[in-house]
Each structure stands twice: as structure tokens, then as C-alpha cells.
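Shown next, in C-alpha cells, is the structure this report addresses.
Keep in mind that what you see is a predicted model, and the values were worked out from it rather than measured.
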Amino acid sequence: MRTASFARATKETDIKLTVMLDGSGKTELATGVGFFDHMLDALSRFAQIDLTLTCKGDLEVDAHHTVEDAGICLGKAIREALGDRAGIRRVGSAYMPMDEALAFAAIDISGRPYLAYQAEFAAPMCGKMDTQLAEEFFRAVTVNAGLTVHLSVLAGRNDHHKMEALFKAFGLALRDAMRIDQNIQGVLSTKGALD
């Protein structure tokens with residue numbers, strides 16, 4: 001089973017996380033930011049990963065540290081759970097429609113962190129989560145998991161729909177990229193390594 005646990009405590013957050021990549025989308029989430037929990041649940045269900053995450057963060061300031069640090073921990077756990085990455089498809093992409101909204105995600109488990117992010121939101125907040133924090137979360141996951149990620153919101157009016165489509169598209173693309181393919185021998189790379 002490809003699984004990993006990660007804990008991180010700072011003056012701003014105290015996070016404990018466990019991820020199982022070959023799961024069924026079960027989650028136990030308690031970040032203190034309800035909308036963020038909703039987005040993590042959507043990501044996990046569409047990626048078909050099991051995720052347990054608790055965070056005690058400085059929400060009296062705002063949700064920034066909670067969301068970003070959760071992304072750091074999730075990225076590190078994904079990287080560890082992937083192991084040597086032998087036999088994985090490596091690349092995945094997905095479109096995700098949600099009513100009037102449409103999002104796209106493309107992921108390469110390359111070992112070379114890069115995030116290209118194009119998403120605009122009309123409102124500053126979704127629930128108690130600043131809409132700007134979506135980019136911070138995805139950047140933290142990308143850098144710490146060693147992914148190349150392209151994310152775009154292509155259409156939409158409702159910010160909740162646009163944000164949720166983005167998290168679900170990421171989950172679908174991740175699911176495809178980390179899938180084991182019996183036809184792939186070793187690491188899928190022209191140079192023989194994913195670094």
C-alpha cells in the first residue's frame with residue numbers, strides 16, 4: 001500500500017496528516033476552515049485517495065497559514081507515498097465541469113516543481129477561505145510533492161463552483177498520473193530518473 005504520514009508543528013500551525021494513495025476517497029478532515037475541508041474532501045474523492053488531516057492553526061489571524069501548511073504536508077506525504085515512482089503513468093490531465101464552471105488540470109510527477117495557475121474569482125472569500133489561498137495551497141503541494149502542474153479555470157460565474165471544479169480537476173489528474181500501469185517497466189523517463 002502506498003501510504004505516508006506526516007506531522008509538522010510551527011508557531012502558526014500544528015498539522016497531522018495521513019494519506020493512502022490507493023484508497024477509495026475516504027476523508028477525516030478538521031482544519032477549522034469549513035470551505036477548505038470541503039475542497040480537500042472533493043480533491044480526495046476524485047483522486048481516490050484516503051486522507052486524514054487535522055490542523056490547529058492561527059485562525060484568529062486568518063486561514064493563510066492553515067491552508068498553505070496543509071498543502072506543504074500533503075505534498076510531502078504524497079512524495080513519500082509515491083516511493084521510487086516506478087511503474088506509474090506519471091502524467092495525467094482532466095477537465096472538470098461543475099454547472100456553469102469548467103476547470104482543467106494537467107500534472108506531471110516529474111520531480112521538477114512548477115505551478116502554472118490561471119484562475120480569477122469575483123469575491124474575496126468562499127466561506128471563511130480567502131479565494132487567493134487556492135493558489136497558495138496548490139503551490140505548496142506542487143513544490144513539496146515535486147510536481148509540474150498546470151491549473152486553469154476556463155469558465156464560470158459562481159466562485160464556489162469554479163473553486164470546487166479546480167480541486168476536483170486536480171484530483172482527477174493526480175489519480176491518473178499516480179496510477180500503476182503494468183506495461184510500464186521502471187521509471188517512465190527518457191533519462192531513467194524522475195528528479
Side-chain angles (χ1 to χ4, degrees), residues 1-21 23 25-83 103 105 107 109 111-117 119-121 123-149 151 153 159-160 162-171 173-175 178:
M1 298 299 285
R2 296 181 297 170
T3 187
S5 294
F6 194 82
R8 183 175 189 264
T10 70
K11 291 181 180 179
E12 298 166 339
T13 59
D14 186 354
I15 297 175
K16 293 177 180 60
L17 179 152
T18 298
V19 66
M20 185 189 320
L21 301 185
K26 292 186 296 185
T27 60
E28 292 180 33
L29 305 165
T31 66
V33 183
F35 187 81
F36 184 45
D37 287 351
H38 179 42
M39 294 301 100
L40 290 173
D41 183 65
L43 188 163
S44 299
R45 287 178 189 272
F46 278 73
Q48 288 291 283
I49 63 175
D50 292 347
L51 177 63
T52 301
L53 189 158
T54 60
C55 177
K56 295 177 182 175
D58 56 355
L59 296 179
E60 69 281 2
V61 175
D62 64 13
H64 188 114
H65 300 134
T66 293
V67 173
E68 183 178 33
D69 291 6
I72 290 170
C73 294
L74 180 58
K76 288 181 182 293
I78 288 171
R79 185 174 198 134
E80 182 181 333
L82 283 168
I107 296 176
I109 303 174
R112 297 182 309 277
Y114 185 84
L115 175 66
Y117 181 89
E120 294 183 9
F121 300 95
M125 305 289 285
C126 275
K128 294 188 178 179
M129 179 175 157
D130 189 317
T131 50
Q132 291 181 347
L133 294 182
E135 183 174 5
E136 299 305 317
F137 170 77
F138 286 117
R139 179 174 291 109
V141 173
T142 296
V143 168
N144 288 280
L147 310 175
T148 299
V149 177
L151 289 172
V153 173
D159 285 342
H160 185 134
K162 291 191 288 185
M163 184 86 74
E164 190 165 341
L166 200 61
F167 274 77
K168 287 178 176 178
F170 181 88
L174 180 63
R175 178 182 179 184
M178 67 185 184

Checklist outcome for this item: So OG1 of Thr31 and CE of Met129: to nearest 0.5 Å the spacing works out to 9.0 Å
Next on the checklist: Within the structure provided, determine whether Leu40 and Thr27 are in side-chain contact (heavy-atom separation under 4.5 Å).
Outcome noted: no
Checklist entry - Taking only residues two or more places apart in sequence or in another chain, which ones pass salt bridge (charged side-chain N to carboxylate O under 4.0 Å, His left out) with Asp50? => result none
Checklist entry - Would you call Leu74 and Asn144 a side-chain contact if the rule is heavy atoms closer than 4.5 Å? => result no
Checklist entry - Is any side-chain heavy atom of His38 closer than 4.5 Å to a side-chain heavy atom of His160? => result yes
Item to check | By side chain to side chain donor-acceptor pair (under 3.5 Å) - contacts of Thr18 (at least two apart) | outcome: Ser5
Next on the checklist: According to side chain to side chain contact (heavy atoms under 4.5 Å, CB included), who are the partners of Ala77, at least two apart in sequence or on a separate chain?
Outcome noted: Ala4, Phe6, Leu17, Val19
Item to check | Summary of salt bridge (Lys or Arg N to Asp or Glu O under 4.0 Å) pairs that have at least one residue in residues 129-139, sequence neighbours excluded | outcome: Glu135-Arg139, Glu136-Arg139
Checklist entry - Who pairs with Lys168 by salt bridge (charged side-chain N to carboxylate O under 4.0 Å, His left out), at least two apart in sequence or on another chain? => result Glu164
Give the table of side-chain donor-acceptor pairs shorter than 3.5 Å for residues 52-63, with sequence neighbours excluded, one pair per line with atom names and distance.
from: Asp58; atom 1: OD1; to: His65; atom 2: ND1; distance (Å): 3.1
from: Asp58; atom 1: OD2; to: His65; atom 2: ND1; distance (Å): 2.8
from: Asp62; atom 1: OD1; to: His64; atom 2: N; distance (Å): 3.0

Item to check | Partner residues of Phe138 under the ring-ring contact (aromatic ring centres under 6.0 Å, His included) criterion, sequence neighbours left out | outcome: Phe167, Phe170
Checklist entry - How many angstroms lie between atom CG of Leu115 and atom CG of Leu147, to the nearest 0.5 angstrom? => result 10.0 Å
Checklist entry - Residues two or more places apart in sequence or in another chain: which of them pass side chain to side chain contact (heavy atoms under 4.5 Å, CB included) with Phe121? => result Tyr117, Ala119, Thr131, Asp159, Lys162, Met163
Item to check | Residues that Ala7 engages under side chain to side chain contact (heavy atoms under 4.5 Å, CB included), provided they are two or more places apart | outcome: Lys16
Checklist entry - For Ser44, which residues count as a side chain to side chain donor-acceptor pair (under 3.5 Å) partner, sequence neighbours excluded? => result none
Next on the checklist: Checking Phe46 now: which residues fulfil ring-ring contact (aromatic ring centres under 6.0 Å, His included) with it, not counting sequence neighbours?
Outcome noted: none
Checklist entry - Quick one: CD1 on Ile109 to CZ on Arg79, what's the gap to the nearest 0.5 Å? => result 11.0 Å
Checklist entry - For the atom pair CD1 (Ile72) and OG1 (Thr10), what is the distance rounded to the nearest 0.5 Å? => result 8.5 Å
Checklist outcome for this item: Sorted by chain and residue number, the side chain to side chain donor-acceptor pair (under 3.5 Å) partners of Arg175 (sequence neighbours excluded) come out as none
